[in-house]
Amino acid sequence: MKSVSVAEEWFTVRWMNGRLLIMDQRQLPQAESYVVLETLEDVFEAIRTLMVRGAPAIGIVAAWGMALAANQSVAGDTQKLLEELKLARDYVASARPTAVNLSWAVNRMMAKAERSAKDDRATIVLLKNVLIQEAALIQREDEGASRAMGEHLLSLLDKSYGILTHCNAGQLATSRYGTALSPIYVGIEKGKKFHVFVDETRPVLQGSRLTAWELQKLGVDVTLICDNMAAAVMSQHKVDAVIVGADRIAGNGDVANKIGTLGVALLAHHYQIPFYVAAPLSTVDLAVSDGRQIPIEQRSSDEIVKGFGVATAPEGISVYNPAFDVTPHAYISAIVTERGVARRPYSVSLREQMREVNP
Ligand code: MRU
């Protein structure tokens, strides 16, 4: 992969003149720097090392990775190309385990390739083009889904001003607008203003490095707090609603999201503040009936004991560093997708929304 400079308005991921560009989110907020991902291995590394992160964004980049793999293949026939793509799918899907958008996206790319290859007239060139178009479609659909979530969430936030969010579920985590932050983006267009409290989000600081950065750039009234300040802010009646994203939503509505989300949900429940989850249907995994079955990524202890290079704990200390936790559906006031506002029982409402998409 190589660094490039980009002159235009910032973006998370873009296919430009046959090249896959992403913002290197590890450099934020110090620098807006971009890299070109040239191979499937680059895509895997970019996802694994959090250069690109956030469930929808890693799905989109992985889809482009499949298109790259196809376009760089020297397979002699379409069957051979499909075999290579299966390996590419399994490889890139293993980059991170929790966000289901990753496997959802590469499985969709694979299914598209297999369907297209069934046509007698299918050629390798055709399959390569089909996969570029499919990745572009996944990215466009994500933008549409985020926009729709923004509209649906705004209908719930009519009387709200103070919002609290955890992690980054903004434009940096999607194609555009974000999931949890979509009503902020869409609201600005409609003249609706919010004051957003942003949890710092230990240990990798997606809140302070990413959410605070993008909301400040947008001109939003934003206040950064440490994770352990959320209770105080809620007790002072400064928060009318909590909105978070999701990495995987089980069939019963249990939600895996960035570590710390569960604590925020419990606090919101205590203070009787609505707790909303925003996610596209590509984040809903009906194959998983409840949150206990969601695989939780464990990350390096270095993120906790020497995050950003400075030792903040004694050498050799034992560390537990799960990247996500699961919020039980009972603490979730609504799950907002591109299809609308799902309420309890989620085992019914989510299925109904999924049926509308895949009747
Ligand atoms: O480890 P990350 O930064 O990929 O975790 C991201 C989150 O937990 C987000 O809240 C989630 O993916 C929703 S993004 C729209």
Side-chain angles (χ1 to χ4, degrees), residues 12-13 22-26 28 46-62 95-105 139 142-143 145-150 153 164-185 198-215 227 242-249 255-265 275-285 291 294-300 303-304 307 321-327 332 335-338:
T12 305
V13 48
I22 62 162
M23 184 187 277
D24 180 355
Q25 298 188 26
R26 297 171 312 176
L28 286 173
I47 294 172
R48 194 186 64 79
T49 61
L50 310 186
M51 290 172 91
V52 59
R53 29 65 50 207
I58 61 180
I60 292 164
V61 171
R96 294 188 76 190
T98 304
V100 73
N101 307 63
L102 177 54
S103 52
W104 171 86
Q139 179 154 358
D142 182 68
E143 180 174 334
S146 292
R147 171 95 212 174
M149 277 181 259
L153 277 160
L164 185 140
T165 192
H166 189 74
C167 193
N168 174 267
Q171 184 154 300
L172 281 165
T174 61
S175 175
R176 204 173 157 199
Y177 304 115
T179 56
L181 299 190
S182 59
I184 317 289
Y185 279 88
V198 176
D199 277 354
E200 184 180 40
T201 316
R202 282 277 289 154
V204 195
L205 307 182
Q206 287 93 334
S208 59
R209 290 189 306 106
L210 310 178
T211 303
W213 177 83
E214 67 169 273
L215 289 182
D227 298 341
V242 175
I243 319 175
V244 297
D247 289 85
R248 195 183 298 225
I249 302 176
V255 166
N257 191 49
K258 178 54 53 194
I259 190 73
T261 302
L262 171 59
V264 179
F275 182 90
Y276 300 127
V277 172
L281 287 174
S282 52
T283 306
V284 177
D285 185 1
I294 298 177
I296 301 293
E297 177 181 8
Q298 302 292 322
R299 292 190 66 87
S300 162
E303 288 181 350
I304 293 183
N321 185 18
F324 302 95
D325 58 26
V326 175
T327 300
I332 298 169
I335 296 177
V336 180
T337 75
E338 65 270 41

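Just follow the structure's listing: the first ligand is 1, and inside any ligand the first atom is 1.
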Can you name the closest pair of heavy atoms from Thr211 and Thr165 and give their distance? CG2-CG2, 4.1 Å
Proximal atoms of ligand 1 relative to Ala55 (non-hydrogen, under 4.0 Å): 12 (O), 14 (S)
May I ask you to identify, for [X], whether its side chain, its backbone, both or neither come under 4.0 Å of ligand 1 on a heavy-atom basis?
X: Asn168; answer: backbone
X: Pro56; answer: side chain
X: Cys167; answer: side chain
X: Arg96; answer: side chain

Quick one: which of Gln206, Lys258, Gln25, Glu214 gives a side-chain hydrogen bond (donor to acceptor under 3.5 Å, both in side chains) with Asn168? Glu214
Exam field: side chain Asp227 to backbone Thr201, donor-acceptor pair closer than 3.5 Å: yes
The single option from Thr12, Val61, Ile60, Ile47 that satisfies side chain to side chain contact (heavy atoms under 4.5 Å, CB included) with Ile22 is Val61
Give me the nearest non-hydrogen protein atom to atom 8 (O) of ligand 1 as residue plus atom name, then the distance to 0.1 Å. Asp247 OD1, 2.7 Å
Any nitrogen or oxygen of [X] lying under 3.5 Å from a nitrogen or oxygen in ligand 1? Just yes or no.
X: Lys258; answer: yes
X: Thr179; answer: no
X: Ala173; answer: no

Can you tell me if Leu210 contacts ligand 1 (heavy atom of the residue under 4.0 Å from the ligand)? no
Run the contact test for Ala246 against ligand 1 with a 4.0 Å cut-off on heavy atoms, strictly below, and give the result. yes
Any carboxylate oxygen within less than 4.0 angstrom of a Lys/Arg side-chain nitrogen, looking at Arg202 and Glu200? no
Just do the side-chain contact (heavy atoms from CB on, under 4.5 Å) check on Gln298 and Phe324 with the steps written out, would you? CA-CA 8 Å; Gln298 302 292 322; Phe324 302 95; over 6 Å; no
